[in-house]
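In what follows, every heavy atom counts, from backbone to side chain, and hydrogens, waters and symmetry copies are set aside. Note that ligands are numbered from 1 as they come in the structure, with each ligand's atoms numbered from 1 the same way.
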Amino acid sequence: MKQRRGADLEPSSEAVRTMLAAATERIVRHLEALPAAPASVDVPLSTIDPILTAGLPETGERLEDLLDLIFDRFVPQGVDTASPGCLSYINSGGIFHAALADLITATTNRYVAYRAAAPALADLEAQVIRWFCDLAGLPPSSGGVLLSGGSMASLTAIVTARRERLGSRFDTATIYASDQMHHSILKSAMIAGLSLDNVRAIPTDETFRMRADELEAAITRDKAQGLTPFFVAGTAGTTNTGAIDDLEAVAAIARRHHLWFHVDGSYGGLFLLTGRGRGALKGIEHADTIALDPHKTLFIPYGSGCLLARDVKAMLRAHTIHSEYIATIAATGDSAPNFADLSVEQTREGRGLRIWLPLKLLGAGTFREALDEKLDLARSITNALEAIPTIEIVARPQLSIVAFRASPAGATDERADALNEAILTAVNRRGRVHLSGTTLRGRFAIRVCVLSFRAHEARIEACIEDIRAAVDEVLGAGG
Ligand SMILES: Cc1ncc(COP(=O)(O)O)c(C=O)c1O
């Protein structure tokens with residue numbers, strides 16, 4: 001009998017079960033091997049696996065062979081941001097519960113861009129956003145949208161503020177954020193058609209928080225020159241050191257000068273789940289927009305960002321366009337807005353279930369406990385680092401990042417920077433942890449960012465051992 005065209009696109013129930021079983025086996029084996037696997041595997045950047053340069057295949061291959069390739073050959077390369085030893089970038093691992101939700105989302109493949117097409121699934125996503133708005137202390141008028149990450153949240157915030165405060169002319173518009181701002185603020189300003197020359201990097205104090213006096217002075221200076229200050233971003237957890245700007249002070253200045261007050265809480269915002277986080281983030285409730293990144297501080301796999309707005313209608317005004325071919329499905333009546341009207345995206349994956357399912361399955365308390373653990377671990381690693389004679393703490397943890405460097409006696413700044421880079425390389429070469437480097441006040445510093453849900457005390461002890469050993473190796477035993 002002739003097979004129906006495209007039949008392979010709809011595998012039988014039995015074939016689906018077989019595929020799931022094969023993938024399940026590889027996934028479970030991968031998770032079991034993760035703790036002992038290296039946190040990073042260097043591969044020469046100039047080479048590409050020949051399989052990945054081959055042309056479009058005309059016929060299919062066996063799933064088992066492809067799973068072998070993926071798990072044995074592709075996944076192990078580079079920095080494993082899912083490893084318990086990954087203490088470098090702001091990565092948190094990616095909990096399995098969310099991966100399971102993604103499988104369900106992709107299998108059911110429902111269209112949440114317009115609520116009418118999948119009302120309950122859109123409402124589920126809206127519920128996640130409401131939980132976040134409540135957490136941040138935003139009023140009932142608030143709302144938001146789940147985005148791919150913090151950078152999209154920065155762009156969506158700037159575009160919303162631009163529409164609300166500037167109208168169609170923005171050649172004189174100026175933006176303010178600390179000199180520790182994430183580059184997505186700059187990138188978003190550039191993409192939104194604002195001049196990069198008009199983005200002011202406000203000096204920070206010795207704890208890397210934006211100086212309120214410098215902010216106000218810059219705004220006043222720009223106003224006097226006929227410029228149009230319209231947007232200030234307070235950072236709630238900088239990328240470099242986790243510094244949290246004084247959000248109360250920034251909010252007051254924004255109010256005084258009629259600036260849009262954005263909070264970049266991509267890293268720090270979801271520490272609101274913890275008591276310490278709530279204390280440190282006081283003032284966030286005054287924000288006009290807030291960026292949060294569940295793929296950082298809620299341990300969800302990559303692709304989960306969020307922008308909240310105090311007045312969701314502002315986001316709608318900036319992002320809604322009507323067209324005849326979606327008029328029927330786009331009608332909302334009095335109900336919640338369509339996600340397609342809240343950002344640049346129309347069609348995209350349902351992003352709610354990967355956050356909703358873990359929160360429903362585990363409860364917020366589980367996440368609070370895990371985040372509290374990260375705050376504790378960052379403090380314990382700082383104490384241990386302080387006990388190493390040559391080490392100087394450059395930034396104490398305000399959240400879960402500590403920055404440090406070795407200060408070898410008698411070395412010039414350049415020499416000390418080179419030695420610290422060598423220490424970082426020596427730590428990472430051991431493979432138990434992966435740390436990163438940055439530049440703070442013009443000098444090289446090593447960062448430890450404890451955010452992986454898989455990082456516990458034993459791995460932090462291994463990290464300290466490896467830092468000690470690397471310092472001895474580079475500076476000579478005893479530093
Ligand atoms: C403070 C801050 N804002 C924004 C971003 C950008 O987020 P994403 O990488 O999700 O686009 C980051 C990323 O590390 C960040 O640390």
Taking C-beta and beyond as the side chain, do Ile423 and Asn420 meet within less than 4.5 Å on heavy atoms? yes

Looking at residues at least two apart in the chain, or sitting in another chain, which of them share a side-chain contact (heavy atoms from CB on, under 4.5 Å) with Ala422? Val474

Applying salt bridge (charged side-chain N to carboxylate O under 4.0 Å, His left out) to Asp311 and Lys313, what does each step give before you reach the verdict? CA-CA 5 Å; Asp311 175 10; Lys313 293 207 173 88; 5.4 Å; no

Looking only at protein heavy atoms, which one is nearest to atom 16 (O) of ligand 1, and how far off is it? Thr239 OG1, 2.8 Å

Indicate, as side chain, backbone, both or neither, the part of Asp293 found under 4.0 angstrom from ligand 1 when only non-hydrogen atoms are considered. side chain

Any nitrogen or oxygen of Gly150, main chain or side chain, under 3.5 Å from a nitrogen or oxygen of ligand 1? yes

Can you check which of His182, Lys296, His295 brings a heavy atom nearest to atom 7 (O) of ligand 1? Lys296

Which protein non-hydrogen atom lies closest to atom 3 (N) of ligand 1, naming both residue and atom, and how far is it? Asp264 OD2, 2.7 Å

Within 4.0 Å of some non-hydrogen atom of Ile90, the atoms of ligand 1 are 16 (O)

Taking Arg379 for the side chain and Leu399 for the main chain, is one N or O donor matched with an acceptor at less than 3.5 Å? yes

Is there a side-chain contact between Val232 and Arg200 (heavy atoms, below 4.5 Å)? no

Going by the atom numbers of ligand 1, which of them fall below 4.0 Å from some non-hydrogen atom of Gly237? 1 (C)

Thr238 near ligand 1, heavy-atom distance under 4.0 Å? no

Kindly indicate whether the side chain of Gln180, heavy atoms from C-beta on, has any atom under 4.5 Å from the side chain of Thr235. no

Is there at least one pair of N or O atoms, one from Ser184 and one from ligand 1, spaced under 3.5 Å apart? no

List every atom of ligand 1 that sits less than 4.0 Å from any heavy atom of Ser266, numbering the atoms from 1 in the order shown and giving each element. 2 (C), 3 (N), 4 (C)

Thr235 to ligand 1: N or O pair under 3.5 Å? no

Distance alone, cut at 3.5 Å: any donor-acceptor contact between the side chains of Ser266 and Asp264? yes

Would a distance-only check, ignoring hydrogens and angles, find a side-chain to backbone donor-acceptor pair under 3.5 Å from Arg447 to Asn240? yes

Nearest-neighbour protein heavy atom for atom 11 (O) of ligand 1, which is reported as residue plus atom name and distance: Ser151 OG, 2.6 Å

